[in-house]
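So you know, we letter chains A, B, ... as the sequences are listed, proteins then strands, and number each from 1. Computed from a predicted structure; not experimentally measured. Only heavy atoms go into these numbers, but all of them, side chains included; no hydrogens, no water, no symmetry mates.
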Amino acid sequence: MKTDNRQPTTDNQIYFAQIILPLNLKGTFTYKIPDNLVEEIELGMRVLVPFGGKKIYTGIVSELHDREPETFAAKEIINILDEKPILPKEQLEFWQWLSNYYLSNIGEIYRFAFPSSLKLESETYLKLKPNVEINFENLDVNEMYLIQALEVRQMINLAEIEAFIPKKLIVKTINSLIDLRYIEVDEKISETYKAKEVAYLKVNKDVLRDNFLPEVLKSLNNAPKQKDLFLLILSKQQENEDIPVKKSFVFEEGNFSHSQLKALIDKGIIEEYLLQKDRLKSYEGKTEDLEALTELQKIAKSEIDQAFENDKNVLLHGVTASGKTHLYLDKIEDCINDGKNVLFLLPEISLTKQIIQRLEKKYGKSLGFYHTKLTDFERVEVWRKIRNNEIKVLIGTRNALFLPFQNLGLIIVDEEHDFAYRPREVSPYFNAKDAAQILAKFYSANVILGSATPSVESYYAAKKDKLSYVFLSKRFGNVDLPTVELINFEEEQKLQFTKGHFSFKLIEEIKGNLEQKKQNIILHNRRGYANVVECETCGYVHYCSNCDVVMTYHKYSREMKCHYCGQKATKPTVCPKCNSENINERGVGIEQIEEELQKIFPENEVDRMDVDSMRKKFAYEQLYEKIETGEAEIILGTQMISKGLDFDNIELVAIPKADALLHVQDFRAEERAYQLITQVSGRAGRVSGKGKILIQTYNPQHPVFKLIQENSTTEIYNHFLEERKKFLYPPFVKLLMIELKHRREDKTDRASQFLGSVLRKYLPAECVLGPEKSPIARIKNLYQYQILLKLPKGKNYENFKSLVLKSFEEFDEITGYHSIKKSVFVDF
DNA sequence: AGCACGCCGACT
DNA sequence: GTCGGCGTGCTC
């Protein structure tokens with residue numbers, strides 16, 4: 001990799017490097033490589049560079065060349081921070097691809113990809129070079145100050161230097177002192193984290209030798225507590241010689257004090273020692289082997305193997321409880337036996353206990369986790385382990401794609417349809433499911449996308465033979481899939497066979513299920529109690545002051561909440577506008593359904609599972625426990641409930657207000673509704689095969705409900721695909737959404753009109769939709785407008801995309817619009 | 001993104 | 001009269 005485009009060092013060639021900086025700026029930056037670093041520098045290494053007057057950043061080398069820039073003078077790299085490249089070339093290529101495809105700056109990707117302690121800025125430390133003779137006569141005032149400061153304190157960081165050197169001169173001063181070989185950047189920059197140490201105890205070897213033990217015990221006779229403590233440690237130690245005794249153990253186990261332990265240590269009977277302990281909890285129990293695959297799974301496996309042989313990625317479509325996990329485990333095992341490593345992606349780490357438990361039992365310490373809930377130090381530790389090839393299977397969320405994998409052989413994307421793979425609110429915007437396939441290409445690794453309800457895009461790709469389609473149509477152990485029944489709520493209402501939002505029929509079914517000691521799941525995907533609080537007299541509606549949305553009433557916490565900015569308010573008892581007391585609540589939230597259920601089933605345990613009720617620490621674990629023990633009889637939840645709850649005793653799933661799932665204005669609303677209903681249904685009758693799904697609706701003729709009832713997978717996907725084709729949506733076009741935000745509405749409006757007109761200048765009229773106000777016209781006091789681009793797929797797409805970029809350049813020329821936040825969502 | 005510079009309003 | 005609001009320009 002090194003010196004590939006370089007001449008022998010005989011001529012006085014100057015070399016340059018393109019550096020990725022952790023800034024949301026276009027492109028990379030050119031720096032001069034000082035002679036003494038020319039031999040060391042390689043792609044993917046971290047370097048320290050000055051940037052703009054007073055900042056120093058940790059950048060990544062993305063290119064080495066000898067083209068001197070003509071329009072500016074390149075500054076010099078201060079130092080190299082790694083002995084070996086920290087970023088594998090596959091990752092560098094991956095970053096470049098993401099930046100290109102998703103039109104995001106590579107610096108933003110760098111920021112997202114690296115734990116922050118690997119890209120320190122002003123925490124950088126300087127020190128004097130050992131044994132240098134300093135000639136003070138040639139130093140200027142600032143250089144003198146810095147040297148003097150370093151003579152007093154060995155190390156100083158940049159932030160501290162600001163106190164005595166003008167900001168503008170910091171970098172200049174440091175550079176000249178480095179050139180004079182007086183000071184250097186401390187290499188410890190990358191070592192700011194320390195491996196956590198854990199204290200352990202052991203009995204002094206001499207005590208155990210010969211027949212010393214009785215004597216020791218005797219010496220402790222008038223210190224009974226110490227004697228007990230000693231015996232506890234001794235017995236624990238002898239229980240299993242291989243497991244060291246943690247210091248914390250003695251305080252958890254018995255009622256001992258630190259002074260008692262200290263006495264034993266002082267007497268030399270017990271020794272305390274420290275061991276470096278991974279911050280990450282790794283499984284310490286025994287590892288287990290897998291059960292054999294069933295016949296159906298074996299067939300699926302051979303199909304997967306076949307696909308891999310043809311270098312094709314797999315879409316594993318397996319109905320709920322078909323044993324996809326089992327197949328994953330099998331393929332993971334194959335990959336490891338091949339000497340390669342595995343990345344297992346999950347939409348969210350928290351809701352997937354089961355897979356983690358199974359993998360832990362199998363792989364013990366060579367299993368790693370990576371997700372957003374880790375602290376920065378924990379992330380760095382996983383980072384190092386991956387780099388050192390100590391982890392064979394990494395389970396993680398989308399940000400795990402950026403780890404410096406060695407020898408990656410397989411990526412599994414579980415629940416590939418899940419929207420958590422492409423959150424809209426975090427930048428850079430990318431779809432982890434698609435990105436995983438690209439990353440795999442750079443590593444020549446295989447990919448399995450798995451789901452019971454594949455995304456329409458993946459299904460289509462499989463149909464077009466871009467993915468290899470493997471279908472597990474039967475549940476594990478040939479257990480029946482749940483039956484689906486539609487309840488026509490309008491009819492029931494006419495007959496007055498309803499109570500609140502429940503038909504008598506639904507109530508009877510739940511009752512019957514409860515009598516058989518079976519558990520019930522109720523899905524209602526709307527938070528709070530009432531969606532709208534309204535004055536009957538004057539029509540006043542309570543809006544959020546920061547956003548263009550109605551505030552939701554939460555009865556449980558007795559407040560009004562804005563679900564977009566989090567603002568809270570008290571519920572008005574009289575109308576603030578006309579003083580009428582006639583305040584009405586409209587729109588049914590989950591709390592209202594909960595209230596009704598408790599009234600209908602006063603004897604039974606009803607538990608609610610939504611963002612609001614799960615906010616407390618361990619709330620999820622507690623509920624999980626309650627369901628496992630059977631204490632929870634009716635579990636009511638928002639979409640949260642569709643994930644991870646694999647229990648044997650749930651037989652009924654009811655969706656009292658199913659129409660609400662379709663009343664979302666989004667071309668994916670139907671797909672989402674289908675996925676949600678099917679996923680929740682999958683919780684029912686996983687063992688007994690007697691699961692029953694009840695969907696209450698005003699539209700029993702709606703194709704989505706009909707097709708779910710008929711359980712005809714092919715037809716439902718055909719239905720989706722027809723609709724998408726008819727109205728020109730993905731997968732038939734490439735969708736690109738541009739969003740403009742600003743706190744002044746007129747400005748946002750004008751800017752988006754202008755951008756729209758520029759886009760129309762370059763693109764065919766039918767490709768540009770809008771601009772128009774976003775569905776929520778204002779969030780957190782920012783007005784939002786959007787432009788939707790429907791671009792043709794295939795060869796022309798790249799041309800169109802370059803025209804979009806051209807339009808952006810033209811837009812950026814208007815300085816007045818620079819304060820407008822522009823976000824681009826490719827594959828929206 | 002972050003920072004400096006420069007130009008206008010409401011205040012010690 | 002000054003502090004500080006943010007619009008504008010620049011960073012290898």
Measure from the side-chain heavy atoms of A/Leu25 and tell me the nearest of B/dA1, C/dC12, C/dG7. B/dA1

Which residues share a side-chain hydrogen bond (donor to acceptor under 3.5 Å, both in side chains) with A/Arg387, sequence neighbours left out: none

note: A/Phe51, atom CZ; B/dG2, atom C1'; distance rounded to Å ~ 9 Å

A/Glu813 CD - C/dC10 C1' separation (whole Å): 17 Å

Measure from the side-chain heavy atoms of A/Thr815 and tell me the nearest of C/dG9, C/dT11, C/dC12. C/dG9

To the nearest Å, give me how far apart CG (A/Leu21) and P (B/dA1) are. 14 Å

Has A/Arg744 got a side-chain N or O lying under 4.0 Å from the OP1 or OP2 atom of C/dC6? no

If I take atom CD1 in residue A/Ile814 and atom P in nucleotide C/dT8, what distance separates them, rounded to the nearest angstrom? 11 Å

Over 12 foreign heavy atoms within 6.0 Å of NZ, A/Lys441: no

Distance check: side-chain N/O of A/Arg743 vs OP1/OP2 of C/dG5, anything under 4.0 Å? no

Does the ring centre of A/Phe94 sit less than 6.0 Å away from the ring centre of A/Tyr443? no

Give A/Gly27 one of three labels, base, sugar-phosphate or nothing, depending on what nucleic acid heavy atoms sit under 4.0 Å from its own. nothing

Approximate separation, where rounding is to 0.5 Å, of A/Trp383 CH2 and A/Ile391 CD1: 12.5 Å

In whole Å, what is the span from the NZ atom of A/Lys32 to the P atom of C/dT11? 16 Å

In whole angstrom, give the distance that lies between atom NE2 of A/His818 and atom C1' of C/dT11. 15 Å

Looking only at C/dC12, B/dA1, C/dG7, the nucleotide nearest the A/Phe29 side chain is C/dC12

Roughly, in whole Å, what's the span from CZ in A/Phe72 to C1' in C/dT11? 10 Å

Ring centroid separation for A/Phe16 and A/Tyr31, is it under 6.0 angstrom? no

Here the distance between atom P of C/dC6 and atom CD1 of A/Ile820, to the nearest Å, is 16 Å

